[in-house]
Amino acid sequence: MKRRDRIVGGLFGLLVGDALGVPYEFRDAKELPSYEEIEMVVPCGFQKTYREVEAGTWSDDGAQALCLLDSLIQKDGFSLENYAAFLSSWYEEGTWAVDHVVFDVGNQTGYALHAYRKGVPPEECGMLSPEGKGNGALMRVLPLVLWHGCQQEISEHQLVLDAHRQCLITHGNICNQVCCALYCLAALYLLDGRGAQDAIEEAVRRLREIYQEMPEYAKELEWSIRPDEPWEGRGSGYVVDCLRSAFMILGQASDYEEAVKRAVLLGDDTDTTACVTGGLAGILYGVQDIPRRWMETLRERKQVEILLSGLIKS
């Protein structure tokens, strides 16, 4: 498989997973349709979460990820200041939201971006809720990997630092930073063509190496993420559970469709679990494995393709 197919698969895998999960968000697993019925167009009789949102619409997850990719391309690397401005533009004006309509904003994200608009430095906004450990930074971080993957020389250490830093504008707690770093390394190794288990194991090993000089981060990795325990998750909005859910599903699924459907069927934070899982599955299986019916339903796909052309040429 060409590297380009994995990069495109990663971004569209994230967006399609997000859009697939949107109609089912906040529902208990027992309330959801069957595996066969999970589609962007919900089955007859099921009341979707956002009644006015059309099928194929990504949520805040996808919009914030696209803001990150746009910022990376514009600045030729990660700039917290530029990314914070992008997120503020999304929050206030709907930048990279479908139809420029923002219909779902996490409480911590909204609070942090409101403070940013009032002049709080971006490095401080994410610590205004110091114990906040939602998955709002994890859901958007994948473009860092896609951008690094297009560079001639990839620095794993810099990727980890960028993953940490992109959290700061909304989710500054160290737990969020470590989860994003581990996720990025796993995605990077998938981009290199490794299998799911091998990529995750290598990500843990390499992050432990990098964290030898960062003892506080090393402690958080072992105590909170628990990488030596089996990867199991419940599909909640807690960042550790979201990461563990994605890794669990990636090790169980045999293709992209199965991965994102399994993510949705966990219930609760369905769009973000499917977004985080879908980005990894899109890299693993490539864009050609994303069902055509979902790609055709995804709204504003052309704008994403234009953005991707800037990434792959950069």
Side-chain angles (χ1 to χ4, degrees), residues 10 13-14 17 126 131-142 144-146 148-149 154-168 171-253 259-260 262-263 266 268-269 272-284:
L14 179 158
E131 296 305 313
K133 298 178 183 178
N135 53 19
L138 181 64
M139 68 190 191
R140 68 193 186 209
V141 73
L142 186 64
L144 280 176
V145 180
L146 307 182
H148 276 271
I154 300 173
S155 168
E156 295 170 347
H157 189 268
Q158 187 60 51
L159 175 59
V160 166
L161 295 181
D162 286 346
H164 291 170
R165 193 157 173 79
Q166 72 87 28
C167 295
L168 299 182
H171 293 73
N173 187 284
I174 189 174
C175 182
N176 305 315
Q177 297 183 45
V178 174
C179 285
C180 287
L182 183 58
Y183 179 84
C184 281
L185 286 177
L188 184 66
Y189 299 137
L190 290 173
L191 198 58
D192 288 339
R194 296 178 185 245
Q197 182 176 348
D198 186 25
I200 294 169
E201 289 178 352
E202 180 62 15
V204 172
R205 185 197 67 79
R206 183 68 180 107
L207 193 58
R208 280 171 167 157
E209 283 186 352
I210 292 171
Y211 283 169
Q212 286 179 3
E213 299 178 0
M214 307 169 70
E216 184 181 1
Y217 285 80
K219 182 186 295 184
E220 191 69 27
L221 174 64
E222 304 302 335
W223 287 13
S224 292
I225 288 73
R226 309 181 309 281
D228 291 330
E229 295 183 11
W231 297 106
E232 297 175 348
R234 300 174 288 105
S236 75
Y238 171 42
V239 65
V240 174
D241 183 63
C242 184
L243 177 70
R244 293 181 65 82
S245 297
F247 283 178
M248 172 185 72
I249 293 167
L250 203 68
Q252 297 171 344
V260 292
R262 279 178 175 266
L266 289 176
D268 196 1
D269 200 4
T272 301
T273 308
C275 168
V276 171
T277 304
L280 296 178
I283 295 174
L284 178 61

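Predicted model only: the values in this text are computed from it and were never measured.
- The structure places CZ of R206 at 4.0 Å from CD1 of I210, a figure rounded to the nearest 0.5 Å.
- The minimum heavy-atom distance linking I174 with E220 is given by the pair CG2-OE1, 3.7 Å.
- Qualifying side chain to side chain contact (heavy atoms under 4.5 Å, CB included) partners for Q197, counting only residues two or more places apart in sequence or in other chains: E201.
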Which atom pairs, one a donor and one an acceptor, fall under 3.5 Å between side chains of residues 242-249 and the rest of the protein, sequence neighbours left out?
residue, atom, partner, partner atom, Å
R244, NE, E232, O, 3.3
R244, NH1, I225, O, 2.9
R244, NH1, R226, O, 3.2
R244, NH2, P230, O, 2.2
S245, OG, R234, N, 3.2
S245, OG, G235, N, 3.1
S245, OG, D241, O, 2.7

- Report the C-alpha separation of D269 and N135 in whole Å, then their side-chain angles, then the decisive distance to 0.1 Å, and conclude whether the side chain to side chain contact (heavy atoms under 4.5 Å, CB included) test is met. CA-CA 10 Å; D269 200 4; N135 53 19; 2.9 Å; yes
- Task: Begin from the C-alpha positions of L190 and V145 and carry the test side chain to side chain contact (heavy atoms under 4.5 Å, CB included) through to its verdict.
- Result: CA-CA 10 Å; L190 290 173; V145 180; over 6 Å; no
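- Contact record, L280 with A187: CD2-CB, 3.7 Å, taken as the closest heavy-atom pair.
- We find the SG-NE2 distance between C180 and H171 to be 9.0 Å, quoted to the nearest 0.5 Å.
- Taking both residues in full, the closest heavy atoms of G278 and V260 are given as CA-CG1, 3.7 Å, listed atom of the first, atom of the second, then distance.
- How far CG of L14 is from CD1 of I283: 9.5 Å, rounded to the nearest 0.5 Å.
- Looking only at side-chain heavy atoms (C-beta outward), V178 and Y211 come within less than 4.5 Å of each other.
- The distance from the CG atom of L188 to the NE2 atom of H148 is 9.0 Å, given to the nearest 0.5 Å.
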- side chain to side chain contact (heavy atoms under 4.5 Å, CB included) between E156 and Y189, intermediate numbers included: CA-CA 10 Å; E156 295 170 347; Y189 299 137; 3.0 Å; yes
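- Side chain to side chain, D162 and Q158 meet the donor-acceptor criterion of an N or O pair below 3.5 Å.
- How far CD of Q212 is from CG of L207: 11.0 Å, rounded to the nearest 0.5 Å.
- Around CD of E213, the count of heavy atoms belonging to other residues, nucleotides or ligands within 6.0 Å does not exceed 12.
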- Determine, step by step, whether H164 and V160 satisfy the side chain to side chain contact (heavy atoms under 4.5 Å, CB included) criterion, reporting the C-alpha distance in whole Å, the side-chain angles of both residues, the deciding distance to 0.1 Å, and the verdict. CA-CA 6 Å; H164 291 170; V160 166; 3.6 Å; yes
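- L159 contributes atom CG, which lies 5.0 Å from atom SG of C184 (distance to the nearest 0.5 angstrom).
- Closest approach of D228 and R208 over heavy atoms only: OD2-NH2, 3.0 Å.
- Using a 4.0 Å cut-off between a side-chain N of Lys or Arg and a carboxylate O of Asp or Glu, K219 and E216 do not qualify as a salt bridge.
- N173 places a side-chain N or O within donor-acceptor distance of the main-chain N or O of C175, the cut-off being under 3.5 Å.
- Here the shortest heavy-atom pairing between T277 and A259 reads CG2-O, 3.9 Å.
- The side-chain hydrogen bond (donor to acceptor under 3.5 Å, both in side chains) pairs that include a residue from residues 176-187 are Q177-Y217, where partners are two or more places apart or lie in different chains.
- Considering all non-hydrogen atoms of both residues, A199 and A186 come closest at CB-O, 3.7 Å.
- Tested against C179 for a side chain to side chain contact (heavy atoms under 4.5 Å, CB included), the candidates V141, L221, V240 yield a single pass: V240.
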